[in-house]
2 protein chains.
Amino acid sequence: MASTYSMASTSFGANSRFDRQLSRILNHATAIFCEKGYEGASIRDLSRASGLSLAGLYYYFQSKDELLYLIQKHLFTSVMERLKENLKTAADPEKRLRIFISNHLAYFLARPKAMKVLSHEDDVLKGALGAEIRTLKRQYYHCCADLVEELKLTKKLKFKSRAVVLCLFGMMNWIHTWYNPRVDGDAATVAREIGNVFLRGIYASTSGR
Amino acid sequence: MASTYSMASTSFGANSRFDRQLSRILNHATAIFCEKGYEGASIRDLSRASGLSLAGLYYYFQSKDELLYLIQKHLFTSVMERLKENLKTAADPEKRLRIFISNHLAYFLARPKAMKVLSHEDDVLKGALGAEIRTLKRQYYHCCADLVEELKLTKKLKFKSRAVVLCLFGMMNWIHTWYNPRVDGDAATVAREIGNVFLRGIYASTSGR
DNA sequence: GAGTTAAACGGACGAACGTTCGATAGATAT
DNA sequence: ATATCTATCGAACGTTCGTCCGTTTAACTC
């Protein structure tokens, strides 16, 4: 009974055979959770999709909850990892915020199904697993909030930080409901457009109304 | 067997005793769908919450699907009704767009659970019921898109209309994940803030980048 | 090639699911 | 007083659910 998991960079990270198979299963699970929702998806759906038996699947995880936990945890740690790497290349506050936006969109528009699972099954997990995911999410939020605060101080802007940061997340995360690469261009294009709206939106606000 | 429903203005509209009871049930259903999600919520949960038996509930609707349909349909028609009323009071394109935003937020921040059900259970309805809801949604989207287009022409602005309209919806609809009236102020306050970010965001864009 | 571990399986468990049937109490109409 | 209709109920139907037990095959190790 293998009970520790290792995570690498691409997809769900694969070293040993166990990791590779688990990765395959998590990818199938992501697709199914995306299509039917966590509650609407059954382990039997996953069994059909992955070609493994019901009992065979349970060799790789302990419960349906843990399945969702593994997916969400991997996504948060993975996008955060890339963010930290990308932020090293710039010191200018505006550029750094643009990097956050393009990192977020590049990562999640390349994984639209994962994006939906992350934002749609946001508060499904209860107990310890849910608490851990919420912690990761809060860390990611604060990365963005810090960048906005940095910019705000540098340019002496005036706005409610909480509100505008959550506006930015709204613009970015709502995308999974409408994005079509053929109509809307690639991730970099959308990142530039959202960055434009957001930065102009907060730049003009040096006075009250 | 009663098979036609009437809808009035407040909550779920109540004329006859039947309508009043149906309204009560739909309100309970909204709360439960909000808390557990459509798939995760059971008719038994609704039975417990409403104090009616399982079989007694089915006197008021034909299926769980129809329950969700009734909720979503009422919300769309109801918010649209108010919008049209409110738009009568202004002719200036910018004011009209601000009215759309404040109408949307006033309506949905007063019904946070309904807001979540509407955006969270967006694509669960299949078949004819789902198609009808999607039509209502498209109409509502176009109301907003037309207002943005109006403003764009008047002020000779330059941007991808589709992208910015969906950015606006993103900001507005993401709110159900974070809004706290004690921290973030009332609906009018949030509407002003989002309106500021959005309008400044699109006003500055008369050139390409 | 014997022995051990890893990986998968069939088949079942009890519980919960959406839905329906036939019965019934109260109200309304004749 | 009788008949009809509205609103409700208990009890069950057939499915599907997540999970687990015992066993078997496949893959290494020595």
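In what follows, chains carry the letters A, B, and so on, assigned in the order in which the sequence lines appear, proteins first and then strands, with residues in each chain numbered from 1. Nothing here was measured: the structure is a model prediction, and the numbers come from that model.
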Test of understanding: with side-chain hydrogen bond (donor to acceptor under 3.5 Å, both in side chains), list the residues that count as partners of [X], not counting sequence neighbours.
| X | result |
| --- | --- |
| B:K95 | none |
| A:K152 | A:S161 |
| B:Y140 | B:H104 |

Under the side-chain contact (heavy atoms from CB on, under 4.5 Å) rule, collect the residues that match up with [X], sequence neighbours excluded.
| X | value |
| --- | --- |
| A:L166 | A:Y141, A:R162, B:W178 |
| B:A110 | none |
| B:K116 | A:D123, B:C34, B:H120, B:H176 |
| B:D122 | B:K137 |

Might you list the N or O atoms of the protein lying below 3.5 Å from N or O atoms in nucleotides 27-30 of chain D, with each pair's distance?
none

Nucleotide [N], atom [atom2] - distance to [atom1] of [X] in whole Å:
| X | N | atom1 | atom2 | value |
| --- | --- | --- | --- | --- |
| B:L22 | D:dT8 | CG | P | 11 Å |
| A:Y60 | C:dC9 | OH | P | 9 Å |
| B:L57 | D:dA7 | CG | C1' | 12 Å |
| A:I25 | C:dA7 | CD1 | C1' | 10 Å |

Regarding B:K84 and B:E81, does a basic nitrogen lie under 4.0 Å from an acidic carboxylate oxygen?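 Salt bridge: no.
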
Which pairs, with at least one residue in residues 23-42 of chain A and sequence neighbours excluded, count as a salt bridge (Lys or Arg N to Asp or Glu O under 4.0 Å)?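 Qualifying pairs: A:K36-A:D45.
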
Listing request: all salt bridge (Lys or Arg N to Asp or Glu O under 4.0 Å) pairs with a residue in residues 170-180 of chain B, at least two apart in sequence or in separate chains.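 Sorted result for residues 170-180 of chain B: empty, none.
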
B:Y59 vs D:dC9: side-chain N/O to OP1/OP2 distance below 4.0 Å: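 Checking D:dC9 against B:Y59, no side-chain N or O comes under 4.0 Å of OP1 or OP2.
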
Counting only side-chain nitrogens and oxygens, does B:Q21 get under 4.0 Å of the OP1 or OP2 atom of D:dT8?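 Result: yes.
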
Between the opening five pairs and the closing five pairs of the helix from C:dG1-D:dC30 to C:dT30-D:dA1, how far apart are the helix axes, to 10°?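 Computed angle between terminal axes is 10°.
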
Heavy atoms under 4.0 Å is the rule here; annotate nucleotides 13-24 of chain D 5' to 3' with B where the base is hit, S where only the sugar-phosphate is, and - elsewhere. ----BBBBB---

Got a donor-acceptor contact below 3.5 angstrom from the B:T77 side chain to the B:K73 backbone?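 Yes, because the side chain of B:T77 sits within donor-acceptor range (under 3.5 Å) of the backbone of B:K73.
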
